[in-house]
Amino acid sequence: MRVLVTGGAGYIGSVTVAALCRCGHEVVVLDNLSEGHRAAVPEGVPLVQRDLRDYAGVAETLKHFGCDAVIHFAASALVAESVANPRKYYENNVGASLSLLAAMLDSGVRRLVFSSSAATYGVPEVVPIPEDHPQRPINPYGFTKYAVEQAIRDYARAHGLGAVMLRYFNAAGASLDGRLGEHHRHETHLIPLVLQVALGKRPHVQIFGTDYATRDGTCVRDFVHVEDLADAHVRALDAIVPGHALALNCGTGRGYTVREVIETARAVTGHEIPAVEADRRPGDPPELVAAVERIRAELGWEPRWPELQQIIASAWRWHREHPNGYDD
Ligand code: UDP
């Protein structure tokens, strides 16, 4: 298939672009490089540097390259920032997605894989969380992903759009070839921060909240290897049914606490990694772990690297080899 990948210069997007190319798809990346990195796009893959809100430009790109499908990663994705600056999130995530959907429909492109999030569930009533769990987000980021999911469901019914909406849990790790990893210009994610401490670039990591009702008082998250996530997207492309919007959790089904992540990183890196206890971070649910039966049944997907140790080891290799990220 000819696939337009929005946000294809970003972390999960770039690893998925590489996986799509390996599977013989023709890929075009559309990215405004606000978060993405030019160096993360493989040679030979066209990079269209354009904002998604440029409706005419996106429609023109879809037609010019004869795209059959879109994988839509481009978004702002930090919970805390969304609490402080919701406008950015509604504009970048909801506004830009609606513009993209309009460009797709008007160009006759009706296949979509959408990056949704476990943040759409809010504070779960049951863990592991099944896909039919009520969606009651507790932060603006989660609301924006939920709003776009709802638009996709409505467009599927009324306009014949076919979509798979992957609700990511916590993406982590780096590409297995060591080329692509997680580099945000302003880092807020746990595993990259922990590894920056191991590299001596930060004095300590903060543990946000130690009084949650979890096994050691810190938040529990389901970390999924970015290569496994990429594989889920490649499979999702083939599972799209016109007129249907299918939501699938994408996680391993296993949760680790923040303290367990730090302990594992100490074991993997051999560094001490000092940690200090801090207040809770606004907008963080205590425990997010995926129920994985549906994605297994629908896509035949199983994580190939489910162990936290494997995930952190791959991230550690990338951080050691790219101590300054992508140098842009
Ligand atoms: N976290 C932490 N210290 C940090 C960054 C994150 O304790 O410096 C915690 C955070 O509160 C959450 C978990 O680690 O419970 C994962 O956070 P991250 O930002 O990596 O991903 P999110 O779950 O927000 O998508």
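Whatever order the structure lists them in is the order used to number ligands and atoms, beginning at 1.
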Among all protein non-hydrogen atoms, which one is nearest to atom 11 (O) of ligand 1, and what is the separation to 0.1 Å? D284 OD2, 2.6 Å

In ligand 1, the atoms that come under 4.0 Å of a heavy atom of T188 are 5 (C), 19 (O)

What pairs meet the salt bridge (charged side-chain N to carboxylate O under 4.0 Å, His left out) rule with one or both residues in residues 12-22, with sequence neighbours excluded? R22-E227

Looking at Y168, F169, F208, Y256, the heavy atom closest to atom 7 (O) of ligand 1 belongs to F208

Just checking H322 against H183, ring centres under 6.0 Å apart? no

Element-labelled atoms of ligand 1 that are located less than 4.0 Å from some non-hydrogen atom of Q206: 2 (C), 3 (N), 4 (C), 7 (O), 8 (O)

Which residues share a ring-ring contact (aromatic ring centres under 6.0 Å, His included) with H319, sequence neighbours left out: none

protein heavy-atom neighbour closest to atom 20 (O) of ligand 1 works out as L190 N, 2.8 Å

The atoms of ligand 1 lying under 4.0 Å from a heavy atom of L193, numbered in the order shown, are 8 (O)

For E125, is there any backbone N or O sitting under 3.5 Å from a side-chain donor or acceptor partner on H133? yes

For Y256, is the NZ or CZ atom of R221 found under 6.0 angstrom from the centre of its six-membered ring and inside 45 degrees of the ring axis? no

As an exercise, identify every atom of ligand 1 less than 4.0 angstrom from a heavy atom of I207. 7 (O)

Donor-acceptor check, side chain of S117 to backbone of T120, threshold 3.5 angstrom: yes or no? no

Kindly indicate, with the supporting measurements, whether the criterion side-chain hydrogen bond (donor to acceptor under 3.5 Å, both in side chains) is fulfilled by T61 and R50. CA-CA 10 Å; T61 303; R50 188 164 271 166; 2.8 Å; yes

Identity and distance of the protein heavy atom lying nearest atom 24 (O) of ligand 1: R281 NH2, 2.8 Å

Checking the side chain of D222 only, and the main-chain atoms of G253 only, is there a donor and an acceptor separated by less than 3.5 Å? yes

Atoms in ligand 1 flagged as close to N170, the criterion being non-hydrogen separation under 4.0 Å: 16 (C), 21 (O), 22 (P), 23 (O), 25 (O)

For ligand 1, note which part of V258 has a heavy atom under 4.0 Å away: side chain, backbone, both or neither. side chain

Between ligand 1 and H189, is the shortest N or O to N or O distance under 3.5 Å? no

Going by the atom numbers of ligand 1, which of them fall below 4.0 Å from some non-hydrogen atom of C219? 15 (O)

